[in-house]
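Single-structure report; data block below.
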Amino acid sequence: MSGGGSGPYGTYSEYAAVVVGAGPAGVTCVGNLLERKVEPILWVDDAFNGGRVNRKYREVPSNTKAALFIDFATAVAPFRKIVSATPSRSRYDEPSDSDGVAVSGKPDKLQNLRELDPTKGCELSYAADMIVMLTEGLKRTPGIITQQGKVGEAVLDEATSKWTVCLDNPNQSETDISSVQTKRLILCTGSSPTDAPLPGNVSGLPSLDLDDALSPTLLSQKLSPLGPTTISVIGASHSAILVLRNLYNLASSSKPDLKIRWLTRHSLRYAEFMDGWILRDNTGLKGEVAVWAKANLEPEVFDQSPVSKYIDAISYEAGAEKEVFEQHLPGSDFVIQAIGYTRDPVPAMKTSSGKEITPYYDHEKGSFNYVRESECGSIGDLAKLPGVYGAGIAWPERVKDPHGNVEYAVGFFKFMKFVKKVSPEWN
Ligand SMILES: Cc1cc2nc3c(=O)[nH]c(=O)nc-3n(C[C@H](O)[C@H](O)[C@H](O)COP(=O)(O)OP(=O)(O)OC[C@H]3O[C@@H](n4cnc5c(N)ncnc54)[C@H](O)[C@@H]3O)c2cc1C
Ligand SMILES: NC(=O)c1ccc[n+]([C@@H]2O[C@H](COP(=O)([O-])OP(=O)(O)OC[C@H]3O[C@@H](n4cnc5c(N)ncnc54)[C@H](OP(=O)(O)O)[C@@H]3O)[C@@H](O)[C@H]2O)c1
């Protein structure tokens with residue numbers, strides 16, 4: 001064992017699991033592993049402050065109902081213990097009054113969420129506070145050791161299927177854990193906005209960070225001091241529509257010299273409630289974003305909507321980006337790409353003989369495969385990568401709806417359902 005780390009029960013040289021990342025997915029995995037008595041767990045994150053939702057998206061309106069955040073926070077026994085003044089069961093089976101106060105009479109730590117309309121969305125600050133509260137509780141739970149830092153590398157001993165996990169710690173204090181052994185390495189490493197080079201001869205246009213544009217406060221701070229400003233927004237899903245709404249709100253209040261060009265390669269898609277299931281559950285617009293888009297951006301209402309005073313809509317077919325961008329982007333003071341999220345880099349993996357491992361995710365099981373070297377040293381078959389699992393926005397479940405449409409299930413409660421289903425096989 002090297003160094004310390006923190007947790008109420010000391011540190012170990014070998015852990016039942018190392019969980020990388022303390023966003024909603026990391027919290028989900030730690031809760032599920034603990035419930036199944038997989039411990040001790042070493043939990044590593046660079047900040048332990050709720051992941052991206054808390055760091056970047058507190059002002060974003062949720063596209064899921066407030067009830068689902070309560071369901072998340074009460075889904076496993078270790079969470080219920082943290083949430084409740086006294087250990088309780090889930091909101092479905094715990095006798096409670098309509099305000100969510102356990103019959104013991106003591107309000108639990110979900111009162112802020114419980115005060116919301118459970119059938120509606122809420123600001124993500126509520127969900128973020130809940131994740132931070134669970135993180136703090138888990139940090140104090142026996143069986144959990146936390147270490148602030150980054151997992152930089154993991155080395156697999158193929159003979160024993162054990163991993164040596166190496167940490168880069170920011171403070172390099174003597175009590176820091178720098179390397180441990182484990183047979184389970186759980187990646188909950190998250191994703192960041194895709195920032196690809198723009199196609200076409202449009203280099204040199206300054207970009208504006210999607211994360212900043214998703215925050216009305218940061219957007220206003222950035223744009224208000226500027227003179228007349230033109231911003232081009234690329235994309236047409238949740239992020240793009242929220243950015244358009246934030247920009248429009250600014251233009252129609254304090255910054256009337258703001259012009260917005262909206263470049264979209266498809267018509268707006270909405271989630272639709274079907275008979276017991278949701279069409280486009282993961283890709284369609286939902287909640288107040290969907291309401292705003294329907295009222296203002298659909299072709300039949302756009303010209304009459306006040307948004308058309310500030311927004312120019314430019315539609316194009318996928319594949320025509322080069323010509324369209326060369327024609328419409330010049331003259332923009334900023335370009336915002338709202339074109340999805342890309343996985344953050346994962347720890348470098350290699351075998352103890354020094355062969356680099358490229359992990360391929362299995363979206364059904366939450367596990368990974370890799371190309372195993374055969375005994376004579378030639379390239380072997382795709383085999384299960386021992387002990388490595390993943391969850392969260394970077395490693396979501398692939399789901400098929402009753403119409404056969406395939407999507408990736410991204411959302412707090414979706415992570416919870418998936419991890420509950422597959423983690424019993426995470427051996
Ligand atoms: C704008 C936006 C709005 C969303 N709104 C909703 C919503 O309303 N409802 C909903 O249910 N879901 C929502 N989601 C989807 C999803 O719940 C969030 O994306 C969530 O933050 C994903 O959690 P995560 O734990 O997978 O990743 P993250 O929150 O990104 O957390 C990953 C963590 O891992 C750490 N990490 C990464 N690599 C390492 C390493 N090598 N070593 C140590 N630590 C590492 C990171 O620092 C970070 O703390 C939204 C997503 C976005 C982008
Ligand atoms: N709470 C909220 O309201 C909220 C807000 C933002 C995000 N989110 C969540 O965060 C996740 C990511 O959402 P997202 O909206 O950022 O991304 P997304 O759902 O992955 O959608 C990406 C969009 O970008 C388009 N696109 C991709 N590549 C492009 C390119 N090269 N040029 C032009 N357009 C391109 C896609 O169009 P094609 O389909 O044509 O490829 C699609 O419309 C989702 O889970 C979402 O629910 C939630």
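We count ligands from 1, going down the list as the structure has it; atoms in each ligand are counted the same way. Residue numbers count from 1 along this sequence.
Every N/O-N/O distance between Ser62 and ligand 2 stays at or above 3.5 Å. At least one N/O-N/O distance between His266 and ligand 2 falls below 3.5 Å. In terms of polar-atom proximity, defined here as any N/O pair under 3.5 Å, Ser239 does make such a contact with ligand 2. Distances between N or O atoms of Leu214 and those of ligand 2 include no value under 3.5 Å.
In this structure, Phe325 and Tyr316 have perpendicular ring planes: the angle between them is above 60°, well past the 30° mark.
Under a 4.0 Å criterion applied to the non-hydrogen atoms of Gly190, ligand 1 contributes the atoms 27 (O), 30 (O), 32 (C). The Tyr341 neighbourhood of ligand 2 comprises atoms 12 (C), 16 (O), with distances under 4.0 Å to a heavy atom of that residue. Residue Ser62 approaches ligand 1 through these ligand atoms, each under 4.0 Å from one of its heavy atoms: 8 (O). The contact set between ligand 1 and Gly392, taken as ligand atoms under 4.0 Å from a residue heavy atom, comprises 26 (O). Proximity to Tyr316 (heavy-atom distance under 4.0 Å) selects the following atoms of ligand 2: 32 (N), 33 (C). Taking every heavy atom of Ile234 and a limit of under 4.0 angstrom, the matching atoms of ligand 2 come to 33 (C). Listed by atom number, the atoms of ligand 2 under 4.0 Å from Val410 heavy atoms are 45 (O). Against a heavy-atom cut-off of under 4.0 Å, Gly149 is close to the following atoms of ligand 1: 43 (C).
Under 4.0 Å from ligand 1, not a single heavy atom of Lys414 appears. With a heavy-atom cut-off of 4.0 Å, Cys188 touches ligand 1 through its backbone alone. When non-hydrogen atoms are compared, ligand 1 lies under 4.0 Å from the backbone of Phe412 as well as from its side chain. For Val410, every heavy-atom contact with ligand 1 shorter than 4.0 Å involves the side chain, none the backbone. Both the backbone and the side chain of Ile393 come within contact range of ligand 1, each with a heavy atom under 4.0 Å. For Tyr341, every heavy-atom contact with ligand 1 shorter than 4.0 Å involves the side chain, none the backbone.
Contact between Arg269 and ligand 2 is present, with at least one heavy atom of the residue lying under 4.0 Å from the ligand. For the pair Val60 and ligand 2, a heavy-atom separation below 4.0 Å is found.
Nearest to atom 47 (O) of ligand 1 by heavy-atom distance, out of Leu242, Val18, Asp46, Thr135, is Asp46. Closest to atom 3 (C) of ligand 1 by heavy atom, among Val53, Leu124, Thr28, is Leu124. Closest heavy-atom approach to atom 2 (C) of ligand 1 within the set Tyr57, Trp43, Phe48: this belongs to Tyr57.
Ring pair Tyr361/Phe368: centre-to-centre distance below 6.0 Å.
Geometrically, Lys294 engages Tyr270 in a cation-pi contact defined by less than 6.0 Å to the ring centre and at most 45° from the axis.
Screening Asp46, Asn169, Asp45 for a side chain to side chain donor-acceptor pair (under 3.5 Å) with Lys150, the sole residue that qualifies is Asp46.
Remark: the Ser192 side chain and the Asp344 side chain contain an N/O donor-acceptor pair separated by less than 3.5 Å.
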